[in-house]
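Just below is one structure, and these are the notes that go with it.
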Amino acid sequence: MTEFSEKVFDAVIKIPCGRVTTYGQIAIICGHKGAFRAVGSTLHKNPVFGMIPCHRVVNSKGELAENYVFGGKEVQKNLLLEEGIEFSEEYVVNMRKHFWFG
DNA sequence: CTCTTGACGCACA
DNA sequence: GTGTGCGCCAAGA
């Protein structure tokens, strides 16, 4: 557990319910605005989903990263819907309304 | 210690 | 508005 990963997790955990953010935003919060790659890499190795609500983390387009899924994209979509997040597309959240800025 | 990969983002054509 | 290329940082082999 490095300082970087801690900040990443902390930032993701701080994302309020019904709100989503982007990798870039998290990277900025961590102090490494160019580390969005590392953010994804670190979160990918995230052990427990209950500890890190990674389903609230989307790419700059606001769409779900179709390559990570912990239990299925539908599961993630359902989780976001449960939080009251609206979807612009089948797997693209309306970040316009739900984007979270630390 | 060095090289490659990775849940990405932005600039340019 | 769409397609391609380059750059960023960290972790794993």
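By convention in this document, chain letters (A, B, ...) are assigned in the order of the sequence lines, proteins followed by strands, and residues within each chain are numbered from 1. In this text the structure is predicted, and so the values were computed from the model without any measurement.
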What is the distance from [atom1] of [X] to [atom2] of [N], rounded to the nearest Å?
{"X": "A/Phe36", "N": "B/dA11", "atom1": "CZ", "atom2": "P", "result": "10 Å"}
{"X": "A/Ile28", "N": "C/dC8", "atom1": "CD1", "atom2": "P", "result": "16 Å"}
{"X": "A/Arg37", "N": "B/dC10", "atom1": "CZ", "atom2": "C1'", "result": "13 Å"}
{"X": "A/Tyr91", "N": "B/dA7", "atom1": "OH", "atom2": "P", "result": "19 Å"}
{"X": "A/Lys61", "N": "B/dA7", "atom1": "NZ", "atom2": "P", "result": "14 Å"}
{"X": "A/His44", "N": "B/dG6", "atom1": "NE2", "atom2": "C1'", "result": "9 Å"}
{"X": "A/Ile29", "N": "B/dC8", "atom1": "CD1", "atom2": "C1'", "result": "16 Å"}
{"X": "A/Glu63", "N": "B/dG9", "atom1": "CD", "atom2": "C1'", "result": "13 Å"}

Using a 4.0 Å heavy-atom cut-off, does A/Ser5 contact any base of the nucleic acid, only the sugar-phosphate backbone, or nothing at all?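 Nothing, no nucleic acid heavy atom in range.
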Have a look at A/Ala35 and say if it touches a base, only the backbone sugar-phosphate, or nothing, with a 4.0 Å heavy-atom cut-off.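 Counting heavy atoms under 4.0 Å across all strands, the contact made by A/Ala35 is with sugar-phosphate only.
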Report the C-alpha distance between A/Lys77 and A/Glu90 in whole Å, list the side-chain angles of each, state the deciding distance to 0.1 Å, and finish with yes or no for salt bridge (Lys or Arg N to Asp or Glu O under 4.0 Å). CA-CA 8 Å; A/Lys77 197 184 82 169; A/Glu90 187 64 6; 2.8 Å; yes
Ignoring hydrogens and geometry, is there a side-chain-to-backbone donor-acceptor pair from A/His55 to A/Leu79 under 3.5 Å?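 No; zero donor-acceptor contacts below 3.5 Å.
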Between A/Arg56 and A/Val12, is there a donor-acceptor pair closer than 3.5 Å when you use the side chain of the first and the backbone of the second?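 Such a contact is absent between A/Arg56 side chain and A/Val12 backbone.
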Can you name the nearest heavy-atom pair linking A/Tyr91 to A/Lys73, along with the distance?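 In this case the closest contact between A/Tyr91 and A/Lys73 is CE2-CB, 3.5 Å.
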To the side chain of A/Tyr23, which of C/dA10, B/dC10, B/dA7 is closest?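 Closest of the options to the side chain of A/Tyr23: B/dA7.
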Check this one for me: any side-chain N or O of A/Thr2 less than 4.0 Å away from OP1 or OP2 of C/dA10?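 Negative; the distance criterion is not met.
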Under 4.0 Å from OP1 or OP2 of B/dA7: is there any side-chain N or O of A/Ser41 that close?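 No, because none of the side-chain N or O atoms of A/Ser41 sits under 4.0 Å from OP1 or OP2 of B/dA7.
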